[in-house]
Amino acid sequence: MHNYLSELNKVQRQAVENINGPSLVVAGAGSGKTRVLTYKIAHLLNNDVPANSILALTFTNKAAAEMKERVAKITGYDNSKRIWMGTFHSIFARILRVEADKLGYPSNFTIYDAEDTKSTIRAIVKDFNLDKDIYKPNAVYGRISSAKNNLITPKYYAESKDLLDQDRYSKKPEIHRIYKEYAKRCYASGVMDFDDLLLKINVLFRDFKDVLEKYQNIFKYILVDEYQDTNYSQYRIIKELSSKHKNICVVGDDAQSIYSFRGALIENILNYQKDFPSCKVFKLEQNYRSTQNIVNAANSIIEKNKDRIKKNVFSENEEGDKVNIIKAMSDNEEGFLVSNSIADIKRTNNYKYNDFAILYRTNNQSRVFEETFRKRNIPYRIFGGLSFYQRKEVKDVLAYLKVIVNSKDAESIKRIINYPARGIGKTTVDKLSKLSLNNDIPIWEILKRIEQTGTVFNAGTRKKLAGFKNVISELMDFSQNNDAYTLITKVISETEILKRLKSDNTPENINRVENINELINAVSEFVENKNEETEDLSEKTIQKYMEEVSLLTSMDTESDEENDKVTLMTIHSSKGLEYKNVYVVGVEQNLFPNNQATFDPKNLEEERRLFYVALTRAEKHVSVSYSLSRFKYGKIESTTPSQFVNEIDPQFTNNPLEDNFSSVGSSDSTGESYFSSSNKFIKRKTLKPLQKISAENFEPSNPEQVEVGMSVLHLRFGEGEVVAIEGEYPQSKATVIFDNAGKKQLLLKFAKLKIVEKD
DNA sequence: GTATTATCTAAGTCT
DNA sequence: TAGATAATAC
């Protein structure tokens with residue numbers, strides 16, 4: 001038997017061996033948190049706790065799968081597969097399917113993603129004749145979502161003076177009505193959104209004490225990972241579930257709480273000890289992941305925050321390289337300098353590409369790096385962004401499947417009723433919606449009885465609607481006796497979706513065809529896997545497939561190819577991961593910290609924690625890069641370095657001299673062609689007379705024309721006089737005395753000087 | 001009712 | 001810039 005206890009340090013071991021009662025494991029970054037969790041589960045199993053009485057809640061499905069794997073290695077597969085392990089959302093969706101009837105939902109309820117939710121909100125705003133520019137779907141959704149995460153029902157919302165005042169103050173007084181209508185429509189459609197999966201479980205436990213008791217008895221041991229990122233709704237669930245046996249172990253790090261925007265309460269972890277009396281606390285403080293310099297630099301950042309559990313994270317690894325600060329003039333140059341650095345470090349240390357990760361604050365920052373990497377033949381892969389299941393064509397096909405599973409799903413019906421085009425236009429769809437809402441009848445029921453609608457629709461339209469209805473009906477029948485794969489191929493052939501896309505061979509359509517084929521593949525794989533497990537057709541239905549798929553995250557869908565590629569992802573999705581070399585890019589004020597966070601201290605602290613998370617992903621080497629200009633809305637905007645750059649204690653950084661950014665990687669042969677294209681990039685922007693120096697209207701002169709005695713302008717140093725030039729272009733160096741910045745030596749090729757006056 | 005073109009406006013992180 | 005929506009022509 002695997003002697004797992006010997007692989008733990010003292011505190012880790014104490015945490016693992018503490019089986020009963022509430023406990024809190026405060027796990028600093030890189031302190032072996034996953035190891036503790038897995039070994040603790042193994043330890044429970046070894047102490048005769050039945051696998052199916054353990055509930056382990058993780059943050060992503062991927063984390064759950066990995067943990068299952070690791071537990072299986074210690075205790076065997078049969079045991080591990082019976083553990084209730086998964087995300088809050090997937091575990092409780094599973095339970096809700098069993099208990100749905102008690103809440104008046106069908107057990108085959110569909111799950112709306114953010115886009116479905118927003119389009120429902122859009123429809124309601126329109127039906128209520130409200131101004132869509134004021135009631136923006138995102139803002140309304142955020143409001144509704146946070147209400148749900150705090151267990152505020154529409155009724156309570158409408159009675160809450162505070163909430164109504166807040167809405168009045170933000171000029172959106174009708175939100176409570178939208179919320180109510182939204183909840184009504186979801187219910188009528190047999191639909192839950194992400195927040196409902198947690199909210200409805202709370203309702204279930206509140207209203208059906210026997211059900212609560214049933215699950216209290218099932219889940220005798222509860223473990224929660226990433227506890228710092230749970231919201232009130234999640235907190236209430238685990239509080240209720242654990243209140244009988246009180247065997248609840250939560251693991252987390254307050255310094256890594258980064259999801260308050262979706263309702264996470266850092267207070268959950270800060271107050272845990274008060275909340276669960278007689279709770280034991282274990283602090284894991286030794287970081288095994290990173291070098292001392294990285295840990296120290298990260299600590300110097302997080303110290304600026306006020307709300308913290310005291311702990312002393314330290315590393316006994318080598319001291320390591322200092323944090324490398326990279327400064328670029330443009331976002332393109334940032335991509336270039338970072339790829340230079342990757343090439344450099346890779347060569348000198350014999351690393352592989354998958355030892356490198358680029359972490360950014362916002363998804364759209366990936367673009368520049370994609371371009372640069374493509375240009376320079378650096379293999380990469382991107383996590384996140386538009387996930388596979390959010391692509392239009394994939395959603396279209398999925399909408400068919402959703403309707404087949406749950407005919408009440410109005411949003412999905414509207415999506416496919418005229419896709420592919422079958423002559424059912426906007427007016428008809430609007431009429432159907434009105435009819436459905438006014439009479440409390442699902443659209444599908446209207447379609448079934450279309451001949452009874454009299455003159456609402458003209459004969460031609462009725463015929464088209466009946467045609468649509470027949471297609472779906474037939475598919476519904478077909479789905480009864482066929483597995484998911486057979487069904488999806490049938491759907492696609494019946495509707496001629498692929499056929500139509502192929503008939504018009506635009507590059508976009510080719511891509512769409514590929515994606516649909518990929519979807520078919522995924523379904524086929526799903527069925528194949530099930531075939532190995534069981535003969536039971538009911539396990540291979542499209543419904544089962546949809547259940548698995550609707551809660552996948554972008555992290556889960558990316559296959560873990562063994563390919564040697566640089567990873568690109570947001571800092572949020574990098575949580576829990578580690579890389580030898582990490583580049584935190586775009587560390588600029590108003591981007592990171594994000595502009596809405598700059599003035600809100602709470603928000604700013606969260607951004608700082610995010611920066612902390614980013615730095616602590618690295619094992620060996622961290623670079624922090626920023627640019628002085630960046631494309632935004634199709635224009636170049638000048639930007640300034642983030643306050644976070646200065647907040648890193650300088651003894652742990654490699655602070656570059658003001659002007660040496662240009663020397664990085666200058667030996668690289670691709671450098672020159674790159675910079676010439678970069679210059680073009682800046683030149684093509686509109687140029688106004690120089691009033692103030694900004695990246696937007698700054699156009700450098702041809703460096704070869706710069707001569708001694710000239711007055712020149714530099715984007716950062718301002719105006720100065722060229723006093724000397726050494727060497728031949730492109731190696732030539734100019735010495736310039738700037739009025740405000742003093743004497744600087746600049747490599748002319750890179751310096752971007754504008755000639756103001758020729759002596 | 002549908003296809004094409006013109007105009008607008010937005011990007012913060014995710015289950 | 002690019003995707004979404006509105007306006008226009010067919």
Side-chain angles (χ1 to χ4, degrees), chain A residues 57-64 86-93 111-115 117-119 122 126 132-133 136-139 141-142 145 148-149 192-199 226 229-231 233-234 257-264 331 359-368 383-387 389-390 392 418 420-430 458 460-461 464 504 508 550-557 569-575 586 590-598 603 606-607 609-611 613-614 630-637 681 684-685:
Chain A
L57 297 165
T58 58
F59 203 71
T60 62
N61 291 298
K62 198 179 177 194
T87 61
F88 271 90
H89 289 86
S90 63
I91 294 281
F92 293 114
I111 297 172
Y112 271 3
D113 64 18
E115 232 188 286
T117 298
K118 277 187 245 173
S119 75
R122 223 172 270 128
K126 202 171 171 209
K132 66 175 165 41
D133 294 327
K136 291 187 181 142
N138 247 330
Y141 180 31
S145 171
K148 286 183 175 180
N149 286 330
M192 299 207 195
D193 65 18
F194 290 133
D195 306 315
D196 282 331
L197 297 175
L198 308 172
L199 170 69
E226 308 283 8
D229 283 322
T230 50
N231 60 35
S233 188
Q234 292 166 318
S257 165
I258 53 174
Y259 278 96
S260 76
F261 68 90
R262 71 179 212 216
D331 42 7
L359 305 182
Y360 35 75
R361 179 65 241 270
T362 64
N363 276 305
N364 57 336
Q365 286 167 258
S366 68
R367 251 195 57 190
V368 179
F383 286 86
L386 251 203
S387 94
Y389 290 100
Q390 288 172 324
K392 200 157 127 214
N418 196 36
R422 36 174 88 83
I424 302 169
K426 200 168 155 295
T427 8
T428 309
V429 175
D430 281 349
N458 63 41
T461 310
K464 287 175 193 160
D504 184 11
E508 277 171 336
S550 53
L551 291 171
L552 289 184
T553 70
S554 58
M555 297 299 289
D556 305 320
T557 49
M569 65 168 94
T570 62
I571 301 165
H572 279 92
S573 40
S574 77
K575 192 169 76 160
N590 296 327
L591 177 59
F592 188 19
N594 183 269
N595 52 2
Q596 274 143 58
T598 324
N603 224 330
E606 176 148 322
E607 297 280 316
R609 291 193 293 269
L610 193 58
F611 191 49
V613 168
R630 186 169 291 278
F631 253 111
K632 211 182 175 185
Y633 305 131
K635 274 201 298 235
I636 292 181
E637 284 194 359
F681 212 51
R684 76 164 183 237
K685 289 292 116 188

Please write out each protein N/O paired with an N/O of nucleotides 2-6 of chain B under 3.5 Å, distance rounded to 0.1 Å.
from, atom 1, to, atom 2, distance (Å)
B:dT2, OP1, A:Gly423, N, 2.9

Filtered N/O pairs between nucleotides 8-13 of chain B and protein, under 3.5 Å:
from, atom 1, to, atom 2, distance (Å)
B:dA11, N1, A:Asn364, ND2, 3.3
B:dA11, N3, A:Asn364, ND2, 2.8
B:dG12, O6, A:Gln596, OE1, 3.0
B:dG12, N2, A:Arg361, NH1, 3.0
B:dG12, N2, A:Arg361, NH2, 3.2
B:dG12, N2, A:Glu607, OE2, 2.8
B:dG12, N3, A:Arg361, NH2, 3.2
B:dT13, OP1, A:Asn363, N, 2.9
B:dT13, OP1, A:Asn363, ND2, 3.2
B:dT13, O4', A:Arg361, NH2, 3.2
B:dT13, O2, A:Arg361, NH2, 2.6
B:dT13, O2, A:His572, NE2, 3.4

Exercise for the section: For A:Gln234 and A:Phe88, indicate whether the former's side chain and the latter's backbone hold a donor-acceptor pair under 3.5 Å. Expected result: no
Handout entry: Length of the line joining A:Lys118:NZ and C:dA4:P, which is rounded to integer Å
Key = 11 Å
Exercise for the section: Specify the separation, in whole Å, of atom NZ of A:Lys126 and atom C1' of C:dA6. Expected result: 11 Å
Handout entry: C1' spacing across the pair B:dA11 / C:dA6, given as an integer number of angstrom
Key = 22 Å
Handout entry: Partner residues of A:Tyr259 under the ring-ring contact (aromatic ring centres under 6.0 Å, His included) criterion, sequence neighbours left out
Key = A:Phe59, A:Phe261, A:His572
Exercise for the section: Quick one: label A:Lys575 by what it contacts on the DNA or RNA (base, sugar-phosphate, nothing), any heavy atom closer than 4.0 Å. Expected result: nothing
Practice task
Would you mind reading off the distance between A:Phe194 atom CZ and B:dC14 atom C1', rounded to a whole angstrom?
Solution key: 8 Å
Handout entry: Spacing of the C1' atoms in C:dA4 and B:dT13 (rounded, Å)
Key = 23 Å
Exercise for the section: Whole angstrom is fine here: how far is it from OH in A:Tyr389 over to P in B:dT15? Expected result: 14 Å
Problem - Listed partners of A:Arg422 passing side-chain hydrogen bond (donor to acceptor under 3.5 Å, both in side chains), at least two apart - result: A:Tyr400
Problem - Side-chain N,O (A:Ser90) to OP1/OP2 (B:dT15) below 4.0 Å - result: no
Exercise for the section: With sequence neighbours left out, write down each residue that passes side-chain hydrogen bond (donor to acceptor under 3.5 Å, both in side chains) with A:Thr428, or none if nothing qualifies. Expected result: none
Handout entry: A:Asn603: partners by side-chain hydrogen bond (donor to acceptor under 3.5 Å, both in side chains), with sequence neighbours left out
Key = none
Exercise for the section: Taking only Lys NZ, Arg NE, NH1 and NH2, and the carboxylate oxygens of Asp or Glu, determine whether A:Glu115 and A:Lys118 approach each other closer than 4.0 Å. Expected result: no
Problem - Whole-Å distance separating the CZ atom of A:Phe59 from the C1' atom of B:dT15 - result: 7 Å
Problem - Sequence-distant partners of A:Phe592, ring-ring contact (aromatic ring centres under 6.0 Å, His included), two or more places apart - result: A:Phe611, A:Phe644
Practice task
Consider the side chain of A:Tyr141, meaning its heavy atoms from C-beta on, and name the nucleotide among C:dA6, C:dT1, B:dT15 that approaches it most closely.
Solution key: B:dT15
Exercise for the section: Under the side-chain hydrogen bond (donor to acceptor under 3.5 Å, both in side chains) rule, collect the residues that match up with A:Thr58, sequence neighbours excluded. Expected result: none
Practice task
Identify, with sequence neighbours excluded, every residue that meets salt bridge (Lys or Arg N to Asp or Glu O under 4.0 Å) alongside A:Lys575.
Solution key: A:Glu226, A:Asp229
Practice task
Take atom CD of A:Glu115 and atom C1' of B:dT15, then tell me their distance rounded to the nearest Å.
Solution key: 15 Å
Completion exercise
A:Lys132 atom NZ is separated from C:dA4 atom C1', nearest whole Å, by 10 Å
